[in-house]
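See structure below.
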Amino acid sequence: MAIAADDIARMIKERFPDAEIRIEDLAGDGNHYAATVVSEEFRGKTRVQQHQMVYEALKGNMGGVLHALALKTTAP
């Protein structure tokens, strides 16, 4: 079962309303994505903490319907 890029962006946006989000379907299969997320909430956090915050926003879909996500996070 695949997940749409719009659904990924929506879940992230719900958690980070200020975020600029870019999602790219790397394989065209709805299972392998790259995401760039820019949010003020990442300021002062380590890269690991930032990524954990995004994974939490994905509400358990990571490793399930969302097989792989290359993630780039940063503060503006």
Side-chain angles (χ1 to χ4, degrees):
M1 179 176 194
I3 187 168
D6 290 344
D7 291 333
I8 296 168
R10 180 187 45 76
M11 286 186 280
I12 294 171
K13 194 71 167 177
E14 285 174 0
R15 170 60 180 85
F16 305 99
D18 73 317
E20 294 176 31
I21 303 165
R22 187 175 70 240
I23 308 288
E24 180 184 356
D25 188 342
L26 298 175
D29 61 3
N31 287 316
H32 299 82
Y33 289 97
T36 302
V37 183
V38 180
S39 173
E40 186 60 42
E41 290 192 50
F42 296 143
R43 191 169 303 282
K45 304 274 193 298
T46 67
R47 186 76 34 132
V48 169
Q49 290 171 322
Q50 293 171 16
H51 288 200
Q52 288 172 335
M53 292 167 72
V54 173
Y55 292 147
E56 287 173 11
L58 295 173
K59 303 174 184 172
N61 286 296
M62 193 66 223
V65 293
L66 179 56
H67 179 71
L69 179 68
L71 195 53
K72 179 180 178 185
T73 55
T74 188

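- For the atom pair CG (Asp7) and CD1 (Ile12), the distance works out to 11.0 Å, reported to the nearest 0.5 Å.
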Report task. Show the numbers, then the answer: is there a salt bridge (Lys or Arg N to Asp or Glu O under 4.0 Å) between Lys13 and Glu20? Result -> CA-CA 8 Å; Lys13 194 71 167 177; Glu20 294 176 31; over 6 Å; no
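- The structure places CE of Met53 at 12.5 Å from CG of Leu58, a figure rounded to the nearest 0.5 Å.
- Distance check, rounded to the nearest 0.5 Å: CG of Asp29 to CD1 of Ile3 gives 12.5 Å.
- Counting heavy atoms from C-beta on, the side chains of Val37 and Phe42 come closer than 4.5 Å.
- Val38 and Phe16 are members of different hydrophobic clusters when ILVMFWY side chains are connected at heavy-atom separations under 4.5 Å.
- Annotation for Ala9 and Ile21: closest pair O-CD1, 3.7 Å, computed over non-hydrogen atoms.
- Counting all heavy atoms, side chain and backbone alike, Met11 lies closest to Lys59 at SD-CD, 4.4 Å.
- In this structure, Asp18 contributes its side chain and Glu40 its backbone to a donor-acceptor pair below 3.5 Å.
- In this structure, CG in Asn31 is found 8.5 Å from CG in Asp25, a value given to the nearest 0.5 Å.
- Shortest non-hydrogen contact noted between Arg15 and Ala57 is CB-CB, 3.5 Å.
- Looking only at side-chain heavy atoms (C-beta outward), Tyr33 and Ile8 come within less than 4.5 Å of each other.
- The CZ atom of Arg43 lies 8.0 Å from the OG1 atom of Thr74; values are rounded to the nearest 0.5 Å.
- In this structure the side chain of His32 never reaches within 4.5 angstrom of the side chain of Glu24, judged on heavy atoms.
- Counting non-hydrogen atoms of neighbouring residues, nucleotides and ligands closer than 6.0 angstrom, the CZ atom of Arg22 reaches no more than 12 such neighbours.
- Atom CD in Gln52 sits 10.5 Å away from atom OG1 in Thr73 (nearest 0.5 Å).
- A donor-acceptor pair under 3.5 Å is formed between the side chain of Gln49 and the backbone N or O of Thr46.
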